[in-house]
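Worksheet: one structure, shown below.
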Amino acid sequence: MKTKITELLNCEYPILQGGMAWIAESKLASAVSNAGGVGIIAGGSAPIDYLREQIRACKSMTDKTFGVNIMLMSPNADDLAQLVIDEKVPLVTTGAGNPGKYISAWKEAGIKVIPVIPSVAIAKRMERAGADAVVAEGMESGGHIGEITTMCLVPQVVDALSIPVIAAGGIADGRGIAASFMLGAEGVQAGTCFLASEECQINPTYKELVVKAKDTDSVVTGRYTGHPCRGIKTKFSKMLASGEKDGTLTPDEFENLTLGSLRKAVQDGNLDEGSFLCGAIAGLVREVKPCSEIIKEMFGQAEKLLNA
Ligand code: TUI
């Protein structure tokens, strides 16, 4: 399947694996890239020495294009912005902020730059700043989200920009890919379906939650802190949601309870204190498979639909 994204990133399939903090490391990223997509190592708020190791490990496991996601609210963002240059990483995606101040240095280093954006206004700013493409991420996505659904956001971003648009949020099979192309996207980014991949190094409890989730099993918490996040309904996330709703948790108390909760979910599978971030499409993800199968099945189905 050839699109402007396969051309830009020199890959077989126009699919990026989302840069999920604490989750997306070299084993997952290299598996996605070796399967013909584009794997992404998440910077999150991890130490720079660890990320340097992860980038080098990824290079040792694939000779295909891979990327690094920089979470711009992280205290290590400046250091990671330099590390990707030093390590000659082919692609950078960014999230949770405006990467404008870094873009010219990345472009000079020959790095492809694809910011993740939640609105048309921010997308336009990224195009003006020199981005090669954008990921238009709808609020069906897992993790930190905006306010607009994928169905509404993608065509509006496509109309507003000249650079290619990658759709994200709610895409976990070939129907989601075909629909994204109908909306004008030239590629997709997916996270949730890769949580249920063999190569994803999360606690088995996390994978089981994703595979067993049904349509109504995701919840958005933290709107009142300014950082709304979507994750799987658990006793912990339901407690946060009700504390936010009825005012029994102040925003400060909420922030304290969620500090470190990603690690507790990913490493420990801790159902009492962990935040199991995932997208609203988890109900469609029913089994754990290798990344190569996930990608081949998705694009096999998409091509059939698009050719029909
Ligand atoms: O970034 C994500 N998803 C994430 S980041 C994350 S870790 C986290 N930890 C603590 C607080 C918040 C997050 C978990 N999931 N997706 C991409 C994304 N980017 N969603 C929204 C945005 C975004 C928001 C504002 C992008 C740009 C932006 O610009 C603001 C500006 O000032 O221009």
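Counting starts at 1 for both ligands and their atoms, in listed order.
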Tell me the residues surrounding ligand 1, counting only those with a heavy atom closer than 4.0 angstrom, sorted by chain and number. Met71, Met73, Gly95, Ala96, Gly97, Asn98, Val116, Pro118, Ile122, Arg125, Glu137, Gly143, His144
Evaluate Asp272 against Lys264 for salt bridge (charged side-chain N to carboxylate O under 4.0 Å, His left out), listing each step before the verdict. CA-CA 9 Å; Asp272 298 317; Lys264 288 176 186 164; over 6 Å; no
For a quick test of reading the model, state the closest non-hydrogen atom pair linking Ile55 to Val89 and the distance between them. CG2-CG2, 3.8 Å
Kindly write out the residues that satisfy side-chain contact (heavy atoms from CB on, under 4.5 Å) with Arg175, not counting sequence neighbours, or none if the list is empty.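 Arg175: side-chain contact (heavy atoms from CB on, under 4.5 Å) contacts with Asp173, Leu284, Gln301, Leu305.
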Decide, yes or no, whether a salt bridge links Lys2 with Glu7 under the criterion of side-chain N to carboxylate O below 4.0 Å.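 Between Glu7 and Lys2 there is no salt bridge, as every charged N stays at least 4.0 Å from the carboxylate O atoms.
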Under the salt bridge (Lys or Arg N to Asp or Glu O under 4.0 Å) test, residues paired with Asp79 that sit two or more places apart: none
What pairs meet the side chain to side chain donor-acceptor pair (under 3.5 Å) rule with one or both residues in residues 145-160, with sequence neighbours excluded?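 Pairs touching residues 145-160 that pass the test: Glu140-Thr150.
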